[in-house]
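First comes the structure, then the notes that go with it.
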Amino acid sequence: MQEYLKQQREQAWRVELRGKIKNKERGEIPRVKMPEMNPMERVCYQNREVNLGLTVEQAVKEAQRCMDCVNPTCIEGCPVSINIPKFVKNIERGEFIEAAKTLKETSALPAVCGRVCPQEKQCEANCFYTLKLKKDPVAIGYLERFAADYERESGQMTVPETAPKNGIKVAAIGSGPASLAFAGDMIKLGYDVTVFEALHEIGGVLKYGIPEFRLPNKIVDVELANLEKMGVRFERNFIVGRTASFDDLKEEGYKAFFVASGAGLPRFMNIPGENYNGILSSNEYLTRVNLMNASNQDFDTPVLRGKNVAVIGGGNTAMDSVRTAKRLGADRAMIIYRRSREEMPARVEEIHHAEEEGIEFINLTNPVEYYADEKGRVCRMRVQRMELGEPDASGRRRPVVIEGSEYEIPVDVVVVAVGVSPNPLVPSELPQLKVSRWGTIEVDAEIMQSSMPELFAGGDIVRGGATVILAMGDGRRAAAGMHKYLQEN
Amino acid sequence: MNEIIKVESFSEKVVKLVVKAPRIARSRKPGHFIILRIDEQGERIPLTIAGADEKSGTITLVAQKVGVTSTRLCEMKPGEQIMDLVGPLGKATHIEKVGTVLACGGGVGVAPLLPIVEGFKKAGNRVVTILAARSKDLIILEDEIRQWSDEVIIMTDDGSYGRKGLVTAGAEEVIKREKVDECIAIGPAVMMKFTSLLTKKYEIPTQASLNAIMVDGTGMCGACRVTVGGQTHFTCVDGPEFDAHKIDFDELMLRLGGYKEEEREAFERYLQTVNV
Ligand SMILES: Cc1cc2nc3c(=O)[nH]c(=O)nc-3n(C[C@H](O)[C@H](O)[C@H](O)COP(=O)(O)OP(=O)(O)OC[C@H]3O[C@@H](n4cnc5c(N)ncnc54)[C@H](O)[C@@H]3O)c2cc1C
Ligand SMILES: Cc1cc2nc3c(=O)[nH]c(=O)nc-3n(C[C@H](O)[C@H](O)[C@H](O)COP(=O)(O)OP(=O)(O)OC[C@H]3O[C@@H](n4cnc5c(N)ncnc54)[C@H](O)[C@@H]3O)c2cc1C
Ligand code: SF4
Ligand code: FES
């Protein structure tokens with residue numbers, strides 16, 4: 001790996017490019033600002049993307065900031081080790097399609113990751129600018145998105161070549177990023193790949209969870225169309241373990257399975273009044289709006305539009321829900337989070353966008369009870385103030401209740417976004433499958449093989465709630481692992 | 001896509017549909033349900049699998065017109081396609097030989113009751129079934145139920161068929177007359193609530209099948225939350241049948257009204273589109 005990176009770095013064009021601008025000058029270029037839609041305007045639309053994307057000039061300028069370091073620490077921050085300097089330098093020299101190809105050497109969905117990765121915790125946290133210069137990092141995420149979008153919009157997106165068909169049938173269960181990455185690799189290797197999805201749409205969280213204003217569906221759809229062109233089959237409305245059992249599928253000739261059924265089970269807090277009408281999980285809220293188009297009158301699914309909407313939690317799901325509430329017309333859209341802003345797990349950019357959109361942050365506060373009107377619809381919530389105590393096992397400071405600090409907030413919709421649990425559907429159908437105490441499937445971390453040799457797993461069903469890029473990385477490792485397994489058996 | 005093979009009207013409001021779904025026809029058991037979406041604009045609604053024929057690869061659904069989706073479904077014709085249909089969902093009914101089973105069906109609840117009655121009969125039980133509805137034309141599936149019951153008692157609110165009175169009157173009579181080992185109640189939430197109160201008095205184990213509002217039907221959203229024995233359960237994966245004596249029926253009834261305003265508006269919009 002190190003050798004390969006070094007060798008690539010010594011290619012003539014890279015050497016030449018490094019000589020063109022002095023590092024001192026590179027260091028003086030300010031980080032690009034992402035052009036975005038005006039906050040007051042964008043909150044009127046559920047389906048307009050906030051970030052508009054860099055222009056060619058902006059992207060090239062930003063790429064010039066990158067010093068093509070001898071020791072590219074950014075790569076260590078990327079969970080799938082994208083060759084970051086190589087793709088950035090390709091942007092600098094104007095070879096945008098080459099840049100996209102570099103991304104695709106490692107990542108199956110760069111247009112998605114460029115938009116949703118927590119770059120400030122990964123590649124950009126490990127950029128030379130962050131670590132040594134104490135300056136804003138190179139905008140790796142924006143550049144990744146730029147290259148991937150450029151390729152897609154240029155119409156020069158090539159369908160990767162596939163090996164001759166080997167006639168071996170394999171199944172992927174679930175159609176989130178883990179499965180899509182897996183399917184892409186397996187079809188290239190010549191396998192006969194079917195992706196089974198319980199819902200009526202392909203894409204997992206990318207479709208039913210993450211809203212249009214952050215990740216437009218059309219970006220995912222292009223990737224799906226490509227996979228279909230390569231020969232991947234998608235079976236919608238098919239719950240493996242229900243519609244057909246694993247044994248049925250084996251009888252139909254499937255030789256191995258990749259389970260990527262996600263962590264789709266919403267958690268609730270089990271506090272009094274939580275089952276009143278108007279209190280729902282973020283999954284229900286986002287599914288109604290994103291998957292069922294409930295905010296559009298032409299569609300039959302209803303969604304509750306509140307005037308005072310409280311969203312409980314501080315992760316991406318909470319941000320997506322609260323910003324959706326704002327777009328559905330809430331006067332007051334509030335985040336209620338029991339720790340402080342520093343501990344929020346959401347992407348920094350989303351928190352920033354939420355603030356711009358007029359979202360109220362009521363931090364260090366936790367709900368204790370809900371009250372309803374005579375029709376059973378929530379009308380008030382009781383909360384208590386918290387302070388941060390000693391760090392807990394996760395290293396984050398533990399929130400401690402401030403006695404006597406309780407007060408009430410009027411609400412008519414409450415969205416609970418306090419985390420998810422692994423989907424139990426597959427494990428419950430396979431008693432012999434080894435699962436952890438938390439219900440995640442246990443696998444060998446290298447090849448993603450479970451306690452059942454023909455069954456591999458990855459993504460959130462293995463990790464609990466994690467990230468798109470980690471799920472994708474798992475899919476690719478599982479494909480390599482399964483290929484080896486099928487070759488040997 | 002799932003083709004509608006056959007449509008039969010039971011009454012003005014209740015329709016039986018036979019739908020192509022070969023995989024589900026093979027894997028379903030009594031108590032299971034499906035979720036369907038008629039077309040791109042449609043919502044997802046749950047319906048019990050009232051019967052299945054593995055040979056022809058079809059399942060039978062019985063739907064009652066209550067709102068937009070059920071009305072649109074009931075007006076579909078043979079040859080038309082249901083865009084999405086997924087299942088079988090939920091836990092299958094626990095069926096074994098217990099002795100005498102009292103099955104109570106109210107309104108369209110008779111449809112999900114049918115495969116369960118059949119199951120209990122085949123398992124060697126004596127089955128007494130009570131069919132209840134507001135009036136004669138709302139009594140459905142009588143012949144099919146008779147085929148699998150030792151005795152059928154019909155109750156109507158207005159006395160237009162069978163005996164006049166509520167389901168509970170018929171049930172209490174049976175309970176007083178003979179030993180009942182288990183009771184199953186499926187119908188409107190109020191009907192299940194009062195049946196459950198009655199059997200609790202006589203300490204007869206009772207199952208009720210809940211019709212909570214659902215979205216995905218796979219445990220992903222929590223729309224179908226119910227409180228059973230003081231704990232929150234998801235009807236779609238933990239149910240739909242629960243120990244009736246532990247169900248918080250009042251909460252269920254409130255939650256069924258959770259989208260009433262939105263549903264009423266949608267129905268009015270729908271009626272307008274049909275009229276023009
Ligand atoms: C609202 C929201 C916002 C998020 N934002 C971000 C973000 O900004 N950045 C980031 O990196 N991550 C984010 N995440 C997390 C990220 O989306 C997940 O980590 C990732 O999608 C996990 O991918 P996966 O492939 O494991 O499964 P999923 O995407 O969860 O897909 C699993 C699929 O499997 C299906 N399924 C389950 N069981 C079966 C079965 N038995 N048969 C057939 N199908 C089945 C499900 O219906 C589902 O569609 C977010 C998550 C949510 C909910
Ligand atoms: C597991 C399960 C099995 C079911 N099996 C059947 C069946 O076999 N046949 C059948 O006709 N119905 C069945 N139902 C009920 C059926 O799903 C609803 O009637 C349907 O969703 C109503 O949709 P709609 O758009 O037509 O009406 P909506 O516009 O959604 O509602 C119209 C009216 O019906 C009430 N309503 C809404 N949802 C439900 C519900 N889930 N149950 C009862 N009332 C409701 C509303 O409060 C409103 O007053 C079942 C429900 C569940 C959960
Ligand atoms: S995939 Fe994510 S971590 Fe890797 S380079 Fe791209 S933005 Fe950074
Ligand atoms: S319907 Fe969504 S969890 Fe039951």
Side-chain angles (χ1 to χ4, degrees), chain A residues 197-201 205 208-209 235-239 241-245 248 261-268 270 274-288 291-294 296-305 372 374-378 416 420-421 423-425 428, chain B residues 1-2 21 23-24 26-28 32 34-45 67-69 72 83-90 213 215-227 231-232 234 237 248 250-263 265-266 269-270:
Chain A
E197 170 56 52
L199 295 173
H200 58 256
E201 275 261 356
V205 173
Y208 78 72
E235 286 260 14
R236 297 162 173 81
N237 300 310
F238 196 118
I239 306 178
R242 289 308 202 112
T243 310
S245 67
D248 293 338
S261 49
L265 256 67
R267 275 194 221 132
F268 287 90
N270 293 316
E274 211 175 18
N275 288 347
Y276 285 135
N277 291 328
I279 305 178
L280 58 168
S281 74
S282 50
N283 269 4
E284 179 180 350
Y285 193 60
L286 293 171
T287 300
R288 282 178 182 273
L291 183 73
M292 305 307 299
N293 277 302
N296 181 337
Q297 283 240 324
D298 297 336
F299 288 74
D300 293 341
T301 303
V303 64
L304 297 173
R305 290 168 194 264
E374 68 287 352
K375 287 185 189 146
R377 174 75 179 258
V378 67
V416 183
V420 284
S421 312
N423 192 319
L425 266 168
S428 71
Chain B
M1 285 289 186
N2 299 74
R23 288 217 185 245
I24 301 174
R26 202 176 323 137
S27 48
R28 70 97 208 193
H32 280 151
I34 54 96
I35 283 200
L36 61 78
R37 187 175 77 137
I38 295 175
D39 56 21
E40 192 61 39
Q41 279 73 37
E43 64 181 332
R44 295 168 65 99
I45 65 158
V68 178
T69 307
R72 285 180 57 204
M83 189 164 187
D84 300 295
L85 195 146
V86 65
L89 302 168
I213 290 180
V215 183
D216 59 298
T218 64
M220 198 186 84
C221 75
C224 61
R225 304 197 303 284
V226 285
T227 303
Q231 282 202 326
T232 297
F234 288 7
V237 284
D248 184 343
D250 295 331
E251 180 189 275
L252 174 73
M253 285 187 263
L254 278 179
R255 286 187 63 80
L256 280 173
Y259 288 85
K260 242 196 168 85
E261 237 351 84
E262 289 77 8
E263 285 156 354
E265 283 169 19
R269 273 201 305 276
Y270 169 72

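Residue numbers begin at 1 in each chain, while the letters A, B, ... track the order of the sequences. Being a predicted model, the structure only gives us computed values, none of them experimental.
For a residue to count as touching a neighbouring chain, one of its non-hydrogen atoms must lie under 4.5 Å from one of that chain's; by this rule A/Val420 does not touch chain B. Residue B/Leu252 does not touch chain A at all, counting heavy-atom pairs closer than 4.5 Å. Heavy atoms closer than 4.5 Å to chain B are found in both the backbone and the side chain of A/Leu265. Interface remark: B/Arg269 contributes side-chain atoms only to the contact with chain A (heavy atom separation under 4.5 Å). Heavy atoms of A/Arg236 lying under 4.5 Å from chain B are absent altogether. Only the backbone of B/Leu85 has a heavy atom closer than 4.5 Å to any heavy atom of chain A. In this structure, chain A has a heavy atom under 4.5 Å from the side chain of B/Arg37, while its backbone stays farther away.
Remark: side-chain polar atoms of A/Arg242 are paired, donor with acceptor, to backbone N or O of B/Gly90 under 3.5 angstrom.
Per-residue heavy-atom pair counts under 4.5 Å with chain A were compared for B/Asp84, B/Leu254, B/Thr232, and the maximum is reached by B/Asp84. Of the residues considered (B/Glu251, B/Glu261, B/Lys260), B/Glu251 shows the highest number of contacts with chain A, using heavy-atom pairs under 4.5 Å. Heavy-atom pairs under 4.5 Å with chain A were tallied for B/Gly87, B/Cys221, B/Gly42, B/Gly217; the largest tally goes to B/Cys221. Interface summary for chain A: among B/Ser27, B/Ala266, B/Gly222, B/Pro88, the most heavy-atom pairs under 4.5 angstrom belong to B/Pro88. The residue among A/Asp298, A/Val416, A/Leu280 with the most heavy atom pairs within less than 4.5 Å of chain B is A/Asp298. Most heavy-atom pairs under 4.5 Å with chain B: of the set A/Gly262, A/Ser245, A/Pro302, this distinction falls to A/Pro302. Looking only at heavy-atom pairs under 4.5 Å with chain A, the residue among B/Arg225, B/His32, B/Glu43, B/Glu262 that has the most is B/Arg225.
For the pair B/Val215 and B/Ala223, the tightest heavy-atom approach, listed with the atom from each and the gap, is CG2-CB, 4.0 Å. Between A/Asn275 and B/Arg255 the shortest heavy-atom distance is O-NH1, 2.7 Å. Residues A/Ala198 and B/Thr218 share a closest heavy-atom pair of CB-CG2, 4.4 Å.
Comment: B/Arg72 engages B/Asp39 in a salt bridge, judged by a side-chain N to carboxylate O separation of less than 4.0 angstrom.
In terms of the salt bridge (charged side-chain N to carboxylate O under 4.0 Å, His left out) criterion, A/Glu197 has no residue partners (sequence neighbours excluded). Every ring pair (Phe, Tyr, Trp, His ring centres under 6.0 Å) that A/Phe238 has, sequence neighbours left out, goes to A/Phe196.
If you check the side chains of B/Asp216 and A/Thr287, you find no donor sitting under 3.5 Å from an acceptor.
Stacking of A/Arg377 on the aromatic ring of A/Tyr276 is not recorded, the 6.0 Å distance cut-off and the 45° axial limit not both being met.
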